[in-house]
Amino acid sequence: MSAALGRLRMDGGWRDRLVRASEAHRSITILVVMSLVSSLLVVFPNFNVLQGPSGWYDAFANAGVFVLLAMGLNVVVGLAGLLDLGYAAFFAIGSYAYAYSNSPFSGLDLPFIPMLVIGAGIAALFGIALGAPTLRLRGDYLAIMTLGFGEIVPIVFLNLDKWTEGTNGIGGLYRPEALPILGEFTPISPFPYMIVSLIVVTLAMILLYRLHDSRIGRAWMAIREDELAAAANGINTVVTKLLAFALGATTSGFAGVFNASKLTIVSPDQFLFTVSFTVLAMVIIGGMGNIWGVAAGAFIVYMIQAVFLKQINTVVENLGLPAFDLGPIHVDLLQINFLNYQFLLYGFALVLMMLYRPEGLFPSRERRAELHADEEAGEGAEVVGAMGGVPGENVE
Amino acid sequence: MTDVLHAVNVTKRFGGLLAVHDVEFTIPEGAIVSLIGPNGAGKTTFFNIIAGIYDPTAGEIRFRGKRMIARSRRAWLEPLLWVVPALAVALTTVLVGEAGASDIVIALGIFFTVIALMIVMVVGVARPPAYADFLTRFGVFRSARPNDMVVAGLGRTFQNIRLFANMSALDNVLVGMHSRLKATWLDALLSTPRDRREEAEARARAMQLLDLAGLRKRAHETAKNLPYGDQRRLEIARALASNPVLLLLDEPTAGMNPRETADLTKLIGRLRTELGLTILLIEHDMRVVMGISDRVTVLDHGERIAEGTPDEVRRDPKVIEAYLGTPAA
Amino acid sequence: MIASSVTTPRTRSGLNRSARIIGFAVGAIVVYVVLLWLALQVVDGFAPERALPVAIQQTINALSIGAIYALIALGYTMVYGIIELINFAHGDVFMIGAFLAVVLTGGIFGQTGGVKDVPFLALLLLVALLFVMPLTGGLNVFIERVFYRPFRHASRLAPLITAVGVSFILQNLALLVAGSGDRAAPQIFPLDWQIPFGGAEISVLSIFIFALALVLMLLLQTFVNRTRLGRAMRATAQDQQAASLMGVDLNQTIALTFLLGGALAGAAGVVWGLRFGFVRQDLGFNAGLKAFTSAVLGGIGNISGAVLGGFIIGFIENFASSLGFSRWSEFLVFMVLTLVLIFRPTGILGQQLGDRA
């Protein structure tokens, strides 16, 4: 069943056998691993490290949103090799979809679970609308188009204040209805949110792995490796890329609905380029192309940002450096909220990763091989159109 | 014998360079036809035109009786066709809105505009055959793309091997099978019985093809780690995976030693006898060409200078001149 | 049927090239004035007799904005032409240029407002340009050397992602140093220098910006077409491998391209502060997107195309703001980008090649 099954060396060993078994029964493996992770996440906060249980549960639920986003972007960037820089736009569309369906602003109160699907579907439609004209073109045009789209969507939500309440955003969204066993979704107890987030992540992971191992997943990877050869082997590259792009948008919309239902407010400034960039950095740090690696990377990055970066401010305050001037520019470290500079950190992390460890922290097998290919042997992938034959061949 | 492929007066110009000039060329069913010529004669360009990578400047390619590739005509009309229906709906909505219709009607109008736009755009991108036929009604002709040619029954290899270097040999062949597999993304998501059955069958058949290419033992190795000769054969196995009617081989023995060359020649012969394939070969090694071809066409400076059986071509003075240069030179 | 479709070379008109370009430019400007004049008639509460002067005034402004975009777009298009990379950090190099100009005029020279003393003003502007342009050019070369060169033979995705990362780093460094929000930029070129014109006033600053940009573009054009290094650049853009076989030093040529692009962006940064009176760390992002759109619109890789695209975007944006839709200008520019990519992906002056493969 799994494409990766065969790639293992035949030298046996318990580890190989374990990996092979896990890859043959992928869905079951994911379920087992995720329930282990879940129980850990449920138990750990009760030790009150750094913050109380509800703080941890809240952080975990938010981390789930980013894990979902990163897994979705990974399909686009990691599997199909397309750079999407406006990923937050689909997140915004999903969020606003929920806002319209569950707020005093619209007067509607639609059920949560169907809205997850509908919001994702609307985001997918926008993904197709953006991807269809662009994906016929060279890959880098997609990057700039998505960047523009990511920029435009918040602007549109901002400018259409009659329908979106502009900068203030739409507030007071209704929380999801109580679920059996989990109970009420309330601001005080984020526990049900965390459970829903875990379930959604697990489900998404199973589905994405199934696609990854299927005919479609192979086509994505083939396009990433060599688009022309992929076309010459019967892959409709545009449709396949469009599918990857739409799927990425769907996942993002899904995450948007969940996030809006948790925050209970949506406003344009939640969806700026920084969000797209953060998710991209998570994908790169986790290891492009490797689904579980990206999920783990996103989780780690989010936890660092949400829990540990907060502590830095306290540390700096204790240092007590004096303020100084640079021309007209006044610098006072005490006035700086270091949480704002997490993005500088992401920038450096991303660039350093690309330069020194492009396969990320948890690389997939194909990806590691590919990204280090140049060092091993300069594979001269020549343009097919080049005329003439191999030089110096025997000609009678 | 019917012709699998018929190239009608094909010309290709790159800027000032006339790469292929007015070449008329046919491949009868079941034949092994070779295309030879000195370096820079335009063989690979011609090949790429047949495979759907370039549009010819003039002329057309008929494949299995159907015109597949020619210069595109009225291509600018196509995006207009995408936009016009959506604009029509949008305009109607505006007019209806001005006439004082309710908000719901306007919302529906916007909704349908968007849906109309999406449908035509996705259809335009996917380009199913029915859509191509629809376009011809407006006088729009777009050449088949490389993948359309594969679906129509053409398989090819590349002069400089283009395997999916970081995928296993088996996965390479499975990608080659892509156009013949039917599982959709939904099947894959739900892991339907159909999907699982098809995948198992595809794997079994891929192993057969690897066997044919003598690569069964290496099925799970990463393609780029295979020895050169194996990579060449893997590329052929991948091309075969789409069940082609016509197989285009671009210098399949380039860079091979005499033993590998002999093995490959045998393999090509088997492809015809066992799989009933028609083969077009570009080759430099004259022993290969003369040994297995039914017919040989010689290109020089983009023009066809000779055609006939290997013996005829070998004796043709023009061919000798093209290869050895004029006595004066 | 087949033989007839072979194209015959078009006969050249008797006019020489620069005369045709000037003719086209004048024609385009006149068309824009008329369009704007007509459009202003429609706007509610606008005195019709003021429409023409205001249209001319706005056209001059449009030319100055367009000139700024064109200067930035040149950097995008040259870099794309030579290494096929969308240099996402380019907009941020422009932003750094704008900040450097503020540091110089405001910080070092202590200016806060208009300088009426013409020789001193000229000196200040000259010093600002000579200070900022080498620095931004150097910054751009540094970026290429450190971040892009390692990827020269890698896949396309890796350098693209790195470029986004670099852009983000620059933006956040500026945020770290200057803080968020607008920072006032000293408008040393007096804003009250206006030429009264039938109920409207034409800004001398706009004319200055347009003229400055024109001079820089002509210098660039001359450099690229007339000098040995310029020839090397064009050769490299055509075919890197062949150029290096013919003895062109690739590293030097690519560095030179980044130097020129960065310097032009720096000049754009200097005039930005004069024109708008503020700088902000996310300036590069928005201006960069518009400049990139200009480059694509004109045909990426084509120097004249970038200039043409820059002015077109300037006109579009000005048209929107003249009619009171300035907050939709980004949206409009994005729509233009989309339409161009759908209908003519190689841009107005770009060559139509290889889009199928």
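Chain letters run A, B, ... following the sequence lines, proteins first, then strands; residues in each count from 1.
Using a 4.5 Å heavy-atom cutoff, the side chains of L344(A) and F168(C) are not in contact. By the 4.5 Å heavy-atom criterion applied to side chains, L157(C) and V77(A) are counted as neighbours. Between F273(A) and V164(C) the shortest side-chain heavy-atom distance falls below 4.5 Å.
Aromatic ring orientation, F149(A) versus F334(C): tilted (interplanar angle from 30° to 60°).
Contact of I152(A) with chain C is made through the side chain alone, with heavy-atom distances under 4.5 Å. Interface remark: L173(C) contributes backbone and side-chain atoms alike to the contact with chain A (heavy atom separation under 4.5 Å). Using a 4.5 Å cut-off between heavy atoms, I155(A) contacts chain C through its side chain alone, with no backbone atom that close. Heavy atoms of T274(A) lying under 4.5 Å from chain C belong to its backbone as well as its side chain. Heavy atoms of F348(A) lying under 4.5 Å from chain C belong to its backbone as well as its side chain. Neither the backbone nor the side chain of Q171(C) comes within contact range of chain A, judged by heavy atoms closer than 4.5 Å. Only the side chain of I86(C) comes within contact range of chain A, with heavy atoms under 4.5 Å apart.
The contact list for residues 280-296 of chain C toward chain A, using heavy atoms and a distance under 4.5 Å, reads F285(C), N286(C), L289(C), F292(C), V296(C) by residue number.
Put simply, of I169(C), L104(C), I300(C), the one with the most heavy-atom pairs under 4.5 Å next to chain A is I169(C). Interface check for chain A: of the options F88(C), F151(C), W328(C), the most heavy-atom pairs under 4.5 Å are formed by W328(C).
Between the side chain of N172(C) and the main chain of G347(A), no donor-acceptor pair closer than 3.5 Å is present.
Put simply, CD1 on I161(C) and CG on L350(A) are 6.5 Å apart, with the number rounded to the nearest 0.5 Å.
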